[in-house]
Amino acid sequence: MATRRQREVLRRLALLYPDAKTALRWSNPFELLVATVLSAQSTDRRVNEVTARLFPKYPDAAAFAALDPAKLAEEIRDVGLFRTKARHLVELARRLVDEHGGSVPADRAALESLPGVGRKTANVVLANAFGEPAIAVDTHVFRVAQRLGLARGRTPEAVERGLMRVVPRRDWAAAHHWLIHHGRRVCHARRPECATCPLLDCCPTGPRLLAAGTAARRDA
DNA sequence: ATCCCGAGGG
DNA sequence: CCCTCTGGAT
């Protein structure tokens, strides 16, 4: 399925970000779900600090369901969008208790129907908690996959399908992290560092961005 | 100043 | 499709 060039891109990514697959291990699906909801517009560091305080006090859906959203908001104040997330998490926990016996459903439709859970969060949970075939596509994954010629399409779903075709299944979880890391460190939305990018010679987009002056230059 | 390791709502 | 919610990184 994958071209020779695409396989080379993936090989290099694996070498560049060897520890990517060891990120974020949670002890159960509920913790993973909460941590993933918290992670939007926040750093892993902030999320880890907050969850380290949160989970000992509120270990499961029943505990979250009993919370006043305003009180939870105070406890997660260090992450972005904290009021919205607090509201979503309490309502989400109540739905888990009412409709799923307090556990996280291993089902896409059920997950996406929960407040605060969209396609991306559902995919993270499906892939990491339940070993289901899914690749979570956030803005970094979307942009970098397109630039590296691993997937094309207008929607995250299209890129998701493209990646699943090109990436060997055993690397799906890792590929998600490779693309995120590369997006954050090198392949920025605005001024990607193509001049010093280790993937430049196998990237279909980098040379064009350099020529157009869109990319940061070595001599800039 | 500007953009996000999103999702809901208008 | 565009806006908003948030703090943080750059």
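Throughout, protein chains are lettered first and strands after them, A, B, ... in sequence-line order, and every chain is numbered starting at 1. A quick note: this is a predicted structure, and the numbers were derived from the prediction, not measured.
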Checklist entry - Has the side chain of D138(A) got a donor or acceptor atom sitting under 3.5 Å from an opposite partner on the base of dC4(B)? => result no
Mind checking if [X] touches a base, just sugar-phosphate, or nothing, with heavy atoms under 4.0 Å?
{"X": "V117(A)", "result": "sugar-phosphate"}
{"X": "T121(A)", "result": "sugar-phosphate"}
{"X": "H176(A)", "result": "nothing"}

Are any of [X]'s side-chain N or O atoms less than 4.0 Å away from OP1 or OP2 of [N]?
{"X": "S42(A)", "N": "dT6(C)", "result": "no"}
{"X": "R184(A)", "N": "dT10(C)", "result": "yes"}
{"X": "R119(A)", "N": "dG6(B)", "result": "no"}
{"X": "T139(A)", "N": "dC5(B)", "result": "yes"}
{"X": "R77(A)", "N": "dT6(C)", "result": "no"}

Ignoring the backbone of [X], work out which of [options] is nearest its side chain.
{"X": "Q41(A)", "options": "dC5(B), dC4(B), dA7(B)", "answer": "dC4(B)"}
{"X": "T84(A)", "options": "dC5(B), dC5(C), dC4(B)", "answer": "dC5(C)"}
{"X": "A189(A)", "options": "dG6(B), dG7(C), dC4(B)", "answer": "dC4(B)"}
{"X": "R190(A)", "options": "dG8(C), dT2(B), dC5(B)", "answer": "dT2(B)"}
{"X": "L81(A)", "options": "dG7(C), dG6(B), dC5(B)", "answer": "dG6(B)"}

Would you measure the distance from the [atom1] atom in [N] across to the matching atom in [M] and give it in whole Å?
{"N": "dT10(C)", "M": "dG6(B)", "atom1": "P", "result": "16 Å"}
{"N": "dG8(B)", "M": "dG8(C)", "atom1": "C1'", "result": "23 Å"}
{"N": "dG9(B)", "M": "dG7(C)", "atom1": "C1'", "result": "22 Å"}

Checklist entry - Do R208(A) and T214(A) get their side chains close enough for a donor-acceptor pair, meaning under 3.5 Å? => result no
Starting at [atom1] of [X] and ending at [atom2] of [N], how long is that distance when rounded to a whole Å?
{"X": "K85(A)", "N": "dC5(B)", "atom1": "NZ", "atom2": "C1'", "result": "10 Å"}
{"X": "H140(A)", "N": "dT10(C)", "atom1": "NE2", "atom2": "P", "result": "10 Å"}
{"X": "K120(A)", "N": "dG8(B)", "atom1": "NZ", "atom2": "C1'", "result": "16 Å"}
{"X": "Y17(A)", "N": "dC5(B)", "atom1": "OH", "atom2": "P", "result": "14 Å"}
{"X": "R143(A)", "N": "dG6(B)", "atom1": "CZ", "atom2": "P", "result": "12 Å"}
{"X": "L89(A)", "N": "dG6(B)", "atom1": "CG", "atom2": "P", "result": "14 Å"}
{"X": "E75(A)", "N": "dT6(C)", "atom1": "CD", "atom2": "C1'", "result": "18 Å"}
{"X": "L38(A)", "N": "dG6(B)", "atom1": "CG", "atom2": "P", "result": "11 Å"}

Checklist entry - In terms of the nearest nucleotide of DNA chain C, which residue is placed more toward the 5' end: T43(A) or R83(A)? => result R83(A)
Salt bridge or not for [X] and [Y], using N-O below 4.0 Å?
{"X": "E193(A)", "Y": "R185(A)", "result": "no"}
{"X": "E160(A)", "Y": "R119(A)", "result": "yes"}
{"X": "R12(A)", "Y": "E8(A)", "result": "yes"}
{"X": "E157(A)", "Y": "R161(A)", "result": "no"}

Checklist outcome for this item: Minimal heavy-atom distance between C187(A) and R147(A), with the atoms involved, is SG-NH1, 3.2 Å
